[in-house]
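Please read all numbers here as calculations on a predicted model, not as lab measurements.
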Amino acid sequence: MKLSKLEKLLDYKFRVPALLERAITHRSWAHENLPGASEEKLRESENESLEFVGDSVLGLAIAEQLYTDHPSLSEGDLTLMKHHLVSTATLAKLAHDLDLGGFVRVGRGEEKTGGRKKQAILADTLEAVIAAVFFDAGYEAAKLFINKIFASELIKVTPKGSLDYKTLLQETLQAEKLSAPVYSLVKTDGLPHARTFFVEASWDTGRSEGTGSSIKLAEMMAASEALKILRSETSG
């Protein structure tokens, strides 16, 4: 009954309901409720692998829609808009609007620490649900699902209104009492009129890389990748 209620909220009926059940299962629930299960069995029961696929499906669908909606925009503007739409903040907001947190299966420890409301868990779960739709009915069905869920965000997104990932990364690191990131130009590639810049961002506990048609865009992409790394480290 709970899955049926969630299907109504998602406005999508699964052919294979087990996919949705797995999509809403956090690893903390699997480890707590499947004692003695092998690592392989645990991985097959939690949503991390689905999240991995959902991230790619989401990225492709959003890129395709942005290209269709804004054919005259530059690659840099489209990239900023895409990264805003697939960011943890946007995903968590949409997951919250769908009341996805009320359906996530988390362990008792995560429950006590407010796991259902954590941005990372909400974002990861929505990506896993997207992957579940993809495996259930294919890319076209997943794209329709994504465009429906993201409809309001797709309408209002603009390059200027997209997230400044460098600022967001700095604020995230400050909140963790870590030093500000340092950006370094690693190399450039291509002809003078069509350069690609490769930039590395480094901080106390890690590093990330980004590429772009300008140093500023490459730094922004490196910051976005850094936020993904930090998100995976704090998703429980």
Around atom OH of Tyr67, are there more than 12 heavy atoms from other residues, nucleotides or ligands closer than 6.0 Å?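 Atom OH in Tyr67 is not packed in, count stays at 12 or less.
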
inquiry  = Counting neighbours of NE2 on His31 that are heavy atoms of other residues, nucleotides or ligands and sit closer than 6.0 Å, is the number greater than 12?
reply    = yes

Given the options Glu32, Glu48, Glu110, His26 meets side chain to side chain contact (heavy atoms under 4.5 Å, CB included) only with Glu110

Mind checking the [atom1]-[atom2] spacing from [X] to [Y]? Nearest 0.5 Å is all I need.
{"X": "Phe134", "Y": "Ser56", "atom1": "CZ", "atom2": "OG", "result": "9.5 Å"}
{"X": "Glu7", "Y": "Tyr12", "atom1": "CD", "atom2": "OH", "result": "9.0 Å"}
{"X": "Leu100", "Y": "Leu10", "atom1": "CG", "atom2": "CG", "result": "7.0 Å"}
{"X": "Leu78", "Y": "Gln65", "atom1": "CG", "atom2": "CD", "result": "12.0 Å"}
{"X": "Arg27", "Y": "Thr25", "atom1": "CZ", "atom2": "OG1", "result": "13.5 Å"}
{"X": "Leu58", "Y": "Lys143", "atom1": "CG", "atom2": "NZ", "result": "13.5 Å"}

Verdict with reasoning, Phe150 to Leu91, per side chain to side chain contact (heavy atoms under 4.5 Å, CB included): CA-CA 9 Å; Phe150 282 78; Leu91 286 168; 3.6 Å; yes

Under 4.0 Å between a side-chain nitrogen and a carboxylate oxygen: does that hold for [X] and [Y]?
{"X": "Arg22", "Y": "Glu44", "result": "no"}
{"X": "Glu111", "Y": "Arg108", "result": "no"}
{"X": "Asp11", "Y": "Lys148", "result": "yes"}
{"X": "Arg43", "Y": "Glu40", "result": "no"}

Can you see whether Tyr183 has Lys166 sitting over its ring - NZ or CZ less than 6.0 Å from the centre and within 45° of the normal?
yes

Measuring only between side-chain heavy atoms, which start at C-beta, is [X] closer than 4.5 Å to [Y]?
{"X": "Leu42", "Y": "Glu39", "value": "yes"}
{"X": "Trp203", "Y": "Ile229", "value": "yes"}
{"X": "Leu85", "Y": "Leu66", "value": "yes"}
{"X": "Leu217", "Y": "Met221", "value": "yes"}
{"X": "Asn47", "Y": "Glu127", "value": "no"}
{"X": "Phe145", "Y": "Ile130", "value": "yes"}
{"X": "Asn147", "Y": "Leu154", "value": "yes"}
{"X": "Glu21", "Y": "Arg105", "value": "yes"}

Grouping I, L, V, M, F, W and Y whenever their side-chain heavy atoms are under 4.5 Å apart, do [X] and [Y] come out in a common cluster?
{"X": "Phe197", "Y": "Leu80", "result": "yes"}
{"X": "Leu144", "Y": "Leu60", "result": "no"}
{"X": "Phe135", "Y": "Leu126", "result": "yes"}
{"X": "Val57", "Y": "Leu122", "result": "no"}
{"X": "Leu3", "Y": "Phe103", "result": "yes"}

* Asked: Could you walk me through whether Thr113 and Lys118 pass the side chain to side chain contact (heavy atoms under 4.5 Å, CB included) check?
  -> CA-CA 9 Å; Thr113 58; Lys118 289 181 180 177; 3.5 Å; yes

Please give me the minimum heavy-atom distance between [X] and [Y], naming the atom from each residue.
{"X": "Lys82", "Y": "Gly59", "value": "CE-O, 3.6 Å"}
{"X": "Ala61", "Y": "Ile146", "value": "CB-CD1, 3.7 Å"}
{"X": "Leu173", "Y": "Ala180", "value": "CD1-C, 4.4 Å"}
{"X": "Leu34", "Y": "Ser45", "value": "CD1-OG, 3.4 Å"}
{"X": "Ala218", "Y": "Gly212", "value": "CB-N, 3.7 Å"}

Is a side-chain donor or acceptor of [X] paired with a backbone partner of [Y] at a separation under 3.5 angstrom?
{"X": "Asp136", "Y": "Arg15", "value": "yes"}
{"X": "Thr125", "Y": "Ile121", "value": "yes"}
{"X": "Asp204", "Y": "Ser179", "value": "yes"}
{"X": "Arg195", "Y": "Gly190", "value": "yes"}
{"X": "Arg207", "Y": "Ser202", "value": "no"}
{"X": "Asp55", "Y": "Glu51", "value": "no"}
{"X": "Thr90", "Y": "His84", "value": "yes"}
{"X": "Ser28", "Y": "Gly107", "value": "yes"}

Q: Just do the side chain to side chain contact (heavy atoms under 4.5 Å, CB included) check on Val186 and Glu209 with the steps written out, would you?
A: CA-CA 9 Å; Val186 177; Glu209 296 180 350; 5.7 Å; no

**Message:** For a quick check under 3.5 Å, do Ser213 and Glu75 share a side-chain donor-acceptor pair by atom type?
**Reply:**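 Yes - a donor-acceptor pair under 3.5 Å links their side chains.
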
List the steps, then state whether side chain to side chain contact (heavy atoms under 4.5 Å, CB included) holds for Lys156 with Glu153.
-> CA-CA 5 Å; Lys156 66 185 182 183; Glu153 296 296 326; 3.4 Å; yes

